[in-house]
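Here is the structure we will look at, set down as structure tokens.
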Amino acid sequence: MTQEFIKKIIEASAATIAEHAEELTDLDRAIGDGDHGINMKRGFTEILNISDDISALPFGKALAKAGMTLVMKIGGASGPLFGSFLMAAAKAVDDVPSNRDEMLKLLDGGIEAVKMRGKSDVGAKTMLDVLAPVSDALRAADADLINVARKAAAEALENTRDMLATKGRASFLGERSIGHIDPGARSVVLLINAVCDVLETA
Ligand code: ADP
Ligand code: MG
């Protein structure tokens with residue numbers, strides 16, 4: 001059961017990243033160095049390649065292995081950041097979250113790790129600007145969590161457009177970073193939607 005679930009999450013995540021790789025790279029071309037789609041695709045393709053090994057593990061260990069894979073396979077900033085997210089999430093939960101509180105533990109554990117690793121916080125125009133609003137929205141919601149997460153993610157992504165980047169490569173552009181959505185934040189939206197798709201069909 002857990003094995004099948006992990007496999008579906010891996011397949012859905014790798015598929016959406018591969019499908020949108022060009023879009024992610026275009027976003028990164030506008031305010032970075034144009035490699036975000038390539039980076040993410042490389043990492044998630046590797047996770048897909050070893051999905052049998054990963055999905056044979058207990059949930060926490062599967063998250064940790066997926067995270068390690070991203071750290072090792074992605075050269076850019078996003079590898080260690082997404083990797084740290086998954087490795088910290090792995091420490092926060094042992095099993096597949098079965099309720100909102102467990103889901104929030106996973107998410108918030110990951111968010112703290114990204115903040116630490118990236119020496120970053122909300123408002124710097126990064127992946128955190130989708131992760132944190134989704135966590136906040138889930139905490140405040142009392143029903144329909146999947147749609148709450150999707151909606152919060154989409155709105156938060158759009159809100160990155162007007163932000164000034166103060167972390168990562170986009171910060172080198174200063175004021176010129178304003179007017180573009182953040183590529184890492186777009187990746188988070190894709191991944192959240194992939195997880196939601198799997199949860200809806202489970
Ligand atoms: P690189 O910036 O090394 O080329 P990528 O292009 O793969 O790496 O990833 C860029 C994304 O990483 C950004 O869009 C942003 O969301 C995220 N990012 C960069 N630096 C930080 C940071 N310090 N904290 C959080 N996220 C960051
Ligand atoms: Mg880049």
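None of these values were measured; they are calculated from a predicted model. For the single chain, residues carry numbers from 1 onward in sequence order. Both counts, for ligands and for their atoms, begin at 1 and track the order of listing.
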Would you mind running through ligand 1 and noting each atom that sits below 4.0 Å from a heavy atom of [X]?
{"X": "Gly184", "result": "13 (C), 14 (O), 16 (O)"}
{"X": "Asp28", "result": "6 (O)"}
{"X": "Asp35", "result": "4 (O), 5 (P), 6 (O)"}
{"X": "Lys167", "result": "23 (N)"}
{"X": "Gly168", "result": "19 (C), 20 (N)"}

Residues Pro80 and Ile74: closest non-hydrogen pair is CD-O, 4.3 Å

For Ile181 and Glu158 the tightest heavy-atom approach is CG2-OE1, 4.4 Å

Short N/O distance, under 3.5 Å, between [X] and ligand 1?
{"X": "Val114", "result": "no"}
{"X": "Leu128", "result": "no"}
{"X": "Gly76", "result": "no"}

[atom] - nearest protein heavy atom and its distance:
{"atom": "atom 12 (O) of ligand 1", "answer": "Met127 CE, 3.9 Å"}
{"atom": "atom 23 (N) of ligand 1", "answer": "Gly118 O, 2.9 Å"}
{"atom": "atom 1 (P) of ligand 1", "answer": "Arg169 NE, 3.5 Å"}
{"atom": "atom 3 (O) of ligand 1", "answer": "Ala77 N, 2.7 Å"}
{"atom": "atom 5 (P) of ligand 1", "answer": "His36 ND1, 3.4 Å"}
{"atom": "atom 18 (N) of ligand 1", "answer": "Leu81 CD1, 3.6 Å"}
{"atom": "atom 13 (C) of ligand 1", "answer": "Asp182 OD1, 3.5 Å"}

Using a heavy-atom cut-off of under 4.0 Å, does the side chain or the backbone of Thr126 touch ligand 1, or both, or neither?
both

Check Ser78 against ligand 1 and report side chain, backbone, both or neither, counting heavy atoms closer than 4.0 Å.
both

Given Ile181, Leu131, Asp33, Ile74, identify the one with the heavy atom nearest to atom 4 (O) of ligand 1.
Asp33

Do other residues, nucleotides or ligands put more than 12 heavy atoms under 6.0 Å from the [atom1] atom of [X]?
{"X": "Glu200", "atom1": "CD", "answer": "yes"}
{"X": "Met116", "atom1": "CE", "answer": "no"}
{"X": "Asp33", "atom1": "CG", "answer": "yes"}
{"X": "Lys115", "atom1": "NZ", "answer": "yes"}
{"X": "Arg139", "atom1": "CZ", "answer": "yes"}

Side-chain touch Ser78/Met40, heavy atoms, less than 4.5 angstrom
yes

Hey, are the side chains of Leu86 and Leu70 touching, using non-hydrogen atoms and a 4.5 Å cut-off?
yes

Rounded to the nearest 0.5 angstrom, the CZ-OG1 distance for Arg42 and Thr69 is 13.5 Å

Verdict with reasoning, Asp129 to Arg161, per salt bridge (Lys or Arg N to Asp or Glu O under 4.0 Å)
CA-CA 11 Å; Asp129 292 304; Arg161 191 183 296 280; over 6 Å; no

To the Mg ion (ligand 2), the closest N, O or S atom belonging to Asp28 is OD2

Tell me whether Asp28 contacts the main-chain N or O of Asp35 through its side chain, where contact means a donor paired with an acceptor under 3.5 Å.
yes

Metal-centred angle, OD1 of Asp35 through the Mg ion (ligand 2) to OD1 of Asp33, rounded to 10 degrees
80°

Is Pro183 close enough to touch ligand 1? Criterion: a residue heavy atom under 4.0 Å from a ligand atom.
yes

Salt bridge or not for Lys105 and Asp94, using N-O below 4.0 Å?
no

